[in-house]
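Below, read A as the first sequence line, B as the second, and so on, with proteins coming before strands; counting in each chain starts at 1.
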Amino acid sequence: MSWAFLRDLLSGINKYSTGIGRIWVAVVFMFRLLVYVAAAENIWKREHDEFECNIKQPGCENVCFDHFFPVSHIRLWALQLIMVSTPSLLVVFHVAYRENREKHHNQKFYGNPGKIDGGLLCTYLISLILKTGFEIVFLVLFYKLYNGFKIPRLVKCDIKPCPNTVDCYISKPTEKMIFLYFLVATSCLCIILNISELSYLIFKYSIKCYLKRHVKKQQ
Amino acid sequence: MDWGALHTILGGVNKHSTSIGKIWLTVLFIFRIMILVVAAERVWGDEQDDFVCNTLQPGCRNVCYDHFFPISHIRLWALQLIFVSTPALLVAMHVAYRRHEKKRQFRKGDQKCEYKDIEEIRRQRFHIEGSLWWTYTGSIFFRLIFEAVFMYAFYFMYDGFRMPRLMKCNAWPCPNTVDCFVSRPTEKTVFTIFMIAVSSICILLNVAELCYLLTKFFLRRSKKAGNSKQQSNHENKEETKQNEMNELISDSCQNTVIGFTS
């Protein structure tokens with residue numbers, strides 16, 4: 001059980017997406033998942049070992065690290081990736097339900113079970129709203145937990161058992177900050193893609209509805 | 001989940017690439033990604049642990065390391081490889097879109113569709129012409145830009161491609177100018193030069209592919225123009241011949257009619 005599961009999930013979602021949805025899948029896969037696994041994970045690998053405080057008091061380093069990093073950036077990043085990819089499962093489940101229904105009744109209810117219309121459209125729109133919501137929630141969480149997206153070189157800590165205000169040094173702060181900004185940028189890109197897809201679908205289906213009604217009236 | 005997934009995606013694009021494109025893909029996977037994963041990552045693995053400064057001042061080592069290595073070589077290469085592979089996705093998406101259109105035509109039972117079954121559409125290899133030519137050429141252009149940008153960023157950040165053995169650091173909290181020693185500098189220099197060399201080879205391959213595609217495009221255009229001229233010339237000759245024959249026939253008809261009546 002590893003990221004390969006998410007990769008397979010994303011390839012499965014691709015089948016039932018619109019064009020913008022496919023671009024979203026490509027962005028999540030290439031610029032978020034691959035960057036996370038190939039580059040970012042290693043930067044934060046030994047963050048606790050390399051966190052150094054200017055004191056010999058045992059326990060001070062542990063306590064200070066825990067105070068400044070309640071949840072590590074890299075874990076939040078991983079959670080964000082998982083939560084953001086999961087709403088698309090709703091669409092996959094709905095399509096599977098449709099196909100099951102056809103099989104069960106041995107009848108063709110839908111011209112194409114994977115076509116985004118009717119109930120599947122609602123499910124798709126809900127998944128888009130949830131995805132956007134999760135992205136925004138995690139960005140706000142990052143901002144609130146770490147007072148912005150900057151990572152300082154030095155933090156001052158005076159929690160017990162540290163005897164006084166002690167200087168603690170974070171390892172690789174510049175590199176971590178670069179990747180954090182990269183995460184924020186790709187997150188914002190994904191939010192923009194989700195909102196465009198939402199607007200596109202709503203616009204397309206309102207026009208369709210309006211035309212149908214217009215034709216009916218004329219008839 | 002690792003570079004293998006990227007290999008699966010790009011492998012699909014391989015079918016529709018030119019020969020130079022296939023060579024580029026092979027160079028990318030064997031000489032860059034594989035070397036990165038199998039060798040370079042080990043060399044840079046202990047970079048911060050074995051970065052030693054001649055001081056006992058806590059924090060000085062961290063700060064000096066961060067000052068000299070804002071972003072590690074290995075991460076920069078990983079980002080470079082990801083960015084350079086991304087334009088190929090554009091081609092993959094375009095091919096997938098074309099396949100989707102052909103499948104739709106086939107399902108509608110279009111007479112123009114020349115495929116016997118869906119499997120044939122799936123297996124078919126598209127030639128690089130029309131709009132696919134523009135997508136493909138655009139992707140090569142972006143690849144070139146990304147390669148150049150990353151190489152420049154490398155050169156700019158590390159003042160060249162050599163890894164020095166000793167760095168002098170006086171960032172706070174170091175008490176004075178402190179000597180800091182980089183781990184495995186020669187091995188790192190060798191790998192850096194290797195990766196830069198392979199990057200340059202990839203740039204050359206991309207430039208060659210771009211030239212090849214442009215040459216093919218202009219040749220095809222001139223051939224088409226030549227063909228259409230020949231065709232119109234041919235048609236004109238046919239027309240004049242037919243006109244002459246018509247005149248002859250009408251003349252002979254008139255003569256016979258005149259002959260009859262007289």
Side-chain angles (χ1 to χ4, degrees), chain A residues 1-11 14-15 19 22-23 25-27 29-43 45-47 49-56 60-61 81 111-112 151-155 166-179 182, chain B residues 1-6 8-10 33 36-37 41 44-49 51 56-90 92-94 96-97 100 103-104 107 153 157 171-174:
Chain A
M1 184 69 190
S2 64
W3 290 109
F5 175 74
L6 197 69
R7 178 197 67 199
D8 295 335
L9 169 66
L10 286 173
S11 342
N14 217 8
K15 256 192 295 183
R22 291 200 177 118
I23 298 175
V25 170
V27 167
F29 181 80
M30 291 291 280
F31 293 114
R32 296 175 81 175
L33 193 55
L34 198 56
V35 167
Y36 173 92
V37 171
E41 219 173 12
N42 291 328
I43 303 174
K45 207 179 206 174
R46 307 197 56 217
E47 56 173 338
D49 292 337
E50 290 162 0
F51 182 77
E52 206 175 353
C53 289
N54 189 2
I55 186 106
K56 277 192 171 164
C60 179
E61 255 179 30
L81 274 175
N112 175 17
I151 299 182
R153 267 186 191 175
L154 161 73
V155 286
V166 148
D167 291 335
C168 291
Y169 302 91
I170 298 172
S171 72
K172 309 193 205 184
T174 313
E175 200 166 6
K176 288 178 181 172
M177 205 165 62
I178 291 173
F179 276 88
F182 191 81
Chain B
M1 164 70 213
D2 53 9
W3 296 102
L6 188 68
T8 320
I9 297 174
L10 292 186
I33 295 181
L36 182 82
V37 169
E41 260 175 11
W44 270 267
D46 55 6
E47 58 179 326
Q48 198 177 346
D49 291 339
F51 181 77
L56 281 176
Q57 169 63 45
C60 177
R61 197 178 63 130
N62 270 9
V63 159
C64 290
Y65 179 85
D66 182 63
H67 180 256
F68 289 114
F69 301 107
I71 176 166
S72 169
H73 292 69
I74 209 91
R75 250 78 65 183
L76 212 52
W77 283 328
L79 278 179
Q80 182 183 17
L81 287 170
I82 292 172
F83 273 87
V84 152
S85 314
T86 310
L89 279 185
L90 290 173
M93 282 191 213
H94 193 138
Y97 169 74
H100 177 77
K103 276 191 197 162
R104 213 157 50 104
R107 280 208 188 100
M157 256 197 261
W172 194 84
C174 303

A.B. asks: Do B:Leu6 and B:Ile33 have side chains that get closer than 4.5 Å, going by heavy atoms?
C.D. replies: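 Heavy-atom side-chain distance check passes, below 4.5 Å.
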
A.B. asks: Should the SG of B:Cys64 and the SG of B:Cys174 be checked, would they turn out to be under 2.5 Å apart?
C.D. replies: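 No, B:Cys64 does not link to B:Cys174 through a disulfide.
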
A.B. asks: Run the salt-bridge test on B:Glu47 and B:Arg75 with the 4.0 Å N-O cut-off and return the result as yes or no.
C.D. replies: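 Yes, charged N to carboxylate O under 4.0 Å.
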
A.B. asks: I'd like to check the salt bridge (Lys or Arg N to Asp or Glu O under 4.0 Å) partners of A:Arg22; sequence neighbours left out, ordered by chain and number.
C.D. replies: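 Partners of A:Arg22 by the salt bridge (Lys or Arg N to Asp or Glu O under 4.0 Å) criterion come out as none, since no residue qualifies.
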
A.B. asks: Do you know which of A:Ile43, A:Ile178, A:Asp167 has the most heavy-atom pairs under 4.5 Å to chain B?
C.D. replies: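 When all of A:Ile43, A:Ile178, A:Asp167 are compared, A:Ile43 has the most.
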
A.B. asks: Quick check on A:Cys53 against chain B: is it the side chain, the backbone, both or neither that has a heavy atom closer than 4.5 Å?
C.D. replies: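 It is the backbone, since no side chain atom gets that close.
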
A.B. asks: Which residue out of B:Cys60, B:Pro58, B:Ser72 racks up the most heavy-atom pairs below 4.5 Å with chain A?
C.D. replies: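 Greatest number of close heavy-atom pairs with chain A: B:Pro58.
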
A.B. asks: What part of B:Ile82 gets within 4.5 angstrom of chain A, counting heavy atoms only: side chain, backbone, both, or neither?
C.D. replies: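 Interface part for B:Ile82: both.
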
A.B. asks: Of the listed residues (A:Lys176, A:Lys172, A:Lys45), which shares the most heavy-atom pairs with chain B below a 4.5 Å separation?
C.D. replies: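 Going by pairs under 4.5 Å, I would pick A:Lys172.
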
A.B. asks: So does A:Phe51 get a backbone contact from the side chain of B:Asn62, meaning a donor-acceptor N/O pair under 3.5 Å?
C.D. replies: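 No, the answer is negative, given that no donor and acceptor are paired below the 3.5 Å cut-off.
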
A.B. asks: Looking only at atom types and distance, does a side-chain atom of B:Arg61 sit under 3.5 Å from a main-chain N or O of B:Gln48, one as donor and one as acceptor?
C.D. replies: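 Yes: the side chain of B:Arg61 pairs with the backbone of B:Gln48.
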
A.B. asks: Tell me, for B:Ile71 versus chain A, whether the close heavy atoms (under 4.5 Å) come from the side chain, the backbone, both or neither.
C.D. replies: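 Both backbone and side chain of B:Ile71 come within 4.5 Å of chain A.
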
A.B. asks: Name the option with the most non-hydrogen atom pairs under 4.5 Å to chain A; the candidates are B:Val37, B:Leu36, B:Asp49.
C.D. replies: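 It is B:Asp49.
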
A.B. asks: Which atoms form the tightest heavy-atom contact between B:Glu41 and A:Asn42, and what is the distance?
C.D. replies: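 For B:Glu41 and A:Asn42, the tightest heavy-atom pair comes out as OE2-ND2, 4.3 Å.
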
A.B. asks: Any idea which of A:Pro173, A:Ala38, A:Ala26 has the most non-hydrogen atom pairs under 4.5 angstrom with chain B?
C.D. replies: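 Of the options given, most contacts go to A:Pro173.
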
A.B. asks: For A:Ile170, is it the side chain, the backbone, both or neither that has a heavy atom under 4.5 Å from a heavy atom of chain B?
C.D. replies: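 Contact with chain B involves the backbone of A:Ile170 alone.
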
A.B. asks: Between B:Trp172, B:Tyr97, B:Trp77, which residue shows the highest count of heavy-atom pairs closer than 4.5 Å to chain A?
C.D. replies: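 Most pairs with chain A among the choices: B:Trp172.
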
